[in-house]
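All chains are named by letter (A, B, ...) in the order of the sequence lines, taking the proteins before the strands, and each is independently numbered beginning at 1.
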There are 2 protein chains.
Amino acid sequence: MTMKTAKKSKYHHGDLRAELVRVGRVLLETETNPSLRAIARQAEVSHGAPMHHFPTWAHLLAACAADGFRELSAELLRVVGSQHAPEEELTKMSIAYLAFATRNPVVFRLMFNRNAITERTQEFLHESSAAYTILQQAIRNVEPTMSDDRFDTMINTVWALIHGMSVLELEDQLCRSADVKLGTEAFLRKGIRQLIA
Amino acid sequence: MTMKTAKKSKYHHGDLRAELVRVGRVLLETETNPSLRAIARQAEVSHGAPMHHFPTWAHLLAACAADGFRELSAELLRVVGSQHAPEEELTKMSIAYLAFATRNPVVFRLMFNRNAITERTQEFLHESSAAYTILQQAIRNVEPTMSDDRFDTMINTVWALIHGMSVLELEDQLCRSADVKLGTEAFLRKGIRQLIA
DNA sequence: ACTTAATCTTGTCACTGACTAGATTAAGAT
DNA sequence: ATCTTAATCTAGTCAGTGACAAGATTAAGT
């Protein structure tokens, strides 16, 4: 008998790999520096079990980060699906990007930290570049016939703005003068408008 | 006899605290995930010695990050000292920021990662905000009479651009189309020009 | 010279990631 | 159905880690 979402069978979890990533992402955001063993405990398997799905702790981290990119891509594609004009689409994407970072601060930091992700898995690289491709297309839509120079400048400055703004928001380092009611989204909107001019 | 930079005396290093930060910053950039004990070994003291200067491993990390901010501030002040027009000063600062990140990738990531710096020491907070103040002044110089709204927008977008560009450079995620000769500095220069307009 | 406090060492503890060998079960062949 | 084989999980072990305790050594102040 094969149960995909079995709860009774002790041995052979069913899909432990996915479960470890799921539990891993939860613990990463809740506990501080969860260990491989802590994730195994939470998944109710022995401390040795994860090794059959991930040769190394770094590989599990990479899988969590890849899963983060998958989720981010889905959010960005939701924006594409809602059919906005190019500039508005880009702005909406940046807001989705920021929202993802805010909802998943730890995994977000993991996704863009070569020191934390010591194993750049095929899965990780694939999901990472998939997300990037979505952003690339959104930039291209702003001005379909632009030169390579202009394209590189626009995508790098815009993405730097979006990513930097998300990081600074997470680090609580954005400047908020008294009586200024502007939200982070407003900074993104204004910055993007200027950078794509 | 009191030796500040003694090499012979075994006990009482002289200034072990500073030495640990120095060695720590070197090992952080060279080894992958150096341990507290590895740093102690490199400094040629016992594994228990660091605890007399840093209550916790996290405190040593925070001290390394604070030292990074100190170095960054010095670099930014060098730019201020060379007397440029406001926009050029800002651009030069961004280039110095990027250069610091490139020279100290691991410490740079540490400095802006709340997950890695679990102890936000007084020293850390002080050095961090000192560096920020330098940037604030450079932004103010661009347009001394601007409104708070405009100031917040400008500093947040410009800093996001600079920081984001540095992160993406470190992560090797900047777009480089074929035949595009633009360097990262060019992207910074163009982006800043647009954001302060 | 004597006292006191700071600094360093040594030893210990629970915990971690990695590895091994063996138990359990699922899947495929006959 | 039964047998075989491979995948999956457990339990046990190991060196290395950060934290802590107790005591040795030295510097500083009187």
Given dA14(C), is OP1 or OP2 found less than 4.0 Å from the side-chain N or O atoms of Arg37(A)?
no
Distance below 4.0 Å between His47(A) side-chain N/O and dC19(C) OP1 or OP2:
no
Atom-to-atom span, CD of Glu119(B) to P of dG18(D) - whole angstrom:
15 Å
Rounded to whole Å, the NE2-P distance (His59(B) to dG18(D)) equals 15 Å
Could you state the CG-P distance from Asn33(A) to dT17(D), rounded to the nearest angstrom?
17 Å
Rounded to whole Å, please give me the gap between CG in Leu20(A) and C1' in dC9(D).
12 Å
Salt bridge (charged side-chain N to carboxylate O under 4.0 Å, His left out) between Arg70(B) and Glu123(B): does it pass, once the steps are laid out?
CA-CA 10 Å; Arg70(B) 224 179 331 261; Glu123(B) 182 197 17; 3.0 Å; yes
Can we call the ring centroids of Phe112(B) and Phe69(B) under 6.0 Å apart?
yes
Does the ring centre of His163(A) sit less than 6.0 Å away from the ring centre of Phe108(A)?
yes
So which one's nearest nucleotide on DNA chain D is more toward 5', His52(B) or Ala58(B)?
Ala58(B)
Length of the line joining Leu16(A):CG and dC9(D):P, which is rounded to integer Å
5 Å
Would you say the side chains of His126(A) and Ser128(A) form a donor-acceptor pair under 3.5 Å?
no
N/O (side chain, Arg41(B)) to phosphate O (OP1/OP2, dG16(D)) under 4.0 Å
no
Figure out the CE/P separation between Met51(A) and dG22(C), and round it to whole Å.
20 Å
Rounded to whole Å, the CZ-P distance (Phe54(A) to dC9(D)) equals 11 Å
If each of Ser35(A) and Gly48(A) is mapped to the nucleotide of DNA chain C with the nearest heavy atom, which maps nearer the 5' terminus, i.e. the 5' end?
Ser35(A)
Distance from Met165(A) atom CE to Thr184(A) atom OG1, nearest 0.5 Å?
7.5 Å
Measuring from the side chain of Ser46(B) (C-beta onward, heavy atoms only), which nucleotide among dG17(C), dC8(C), dG18(D) has the closest atom?
dC8(C)
Looking at every strand, decide which applies to Arg17(A) at a 4.0 Å heavy-atom threshold: base, sugar-phosphate, or nothing.
nothing
Separation of dT8(D) atom P from Glu44(A) atom CD, nearest Å, is 20 Å
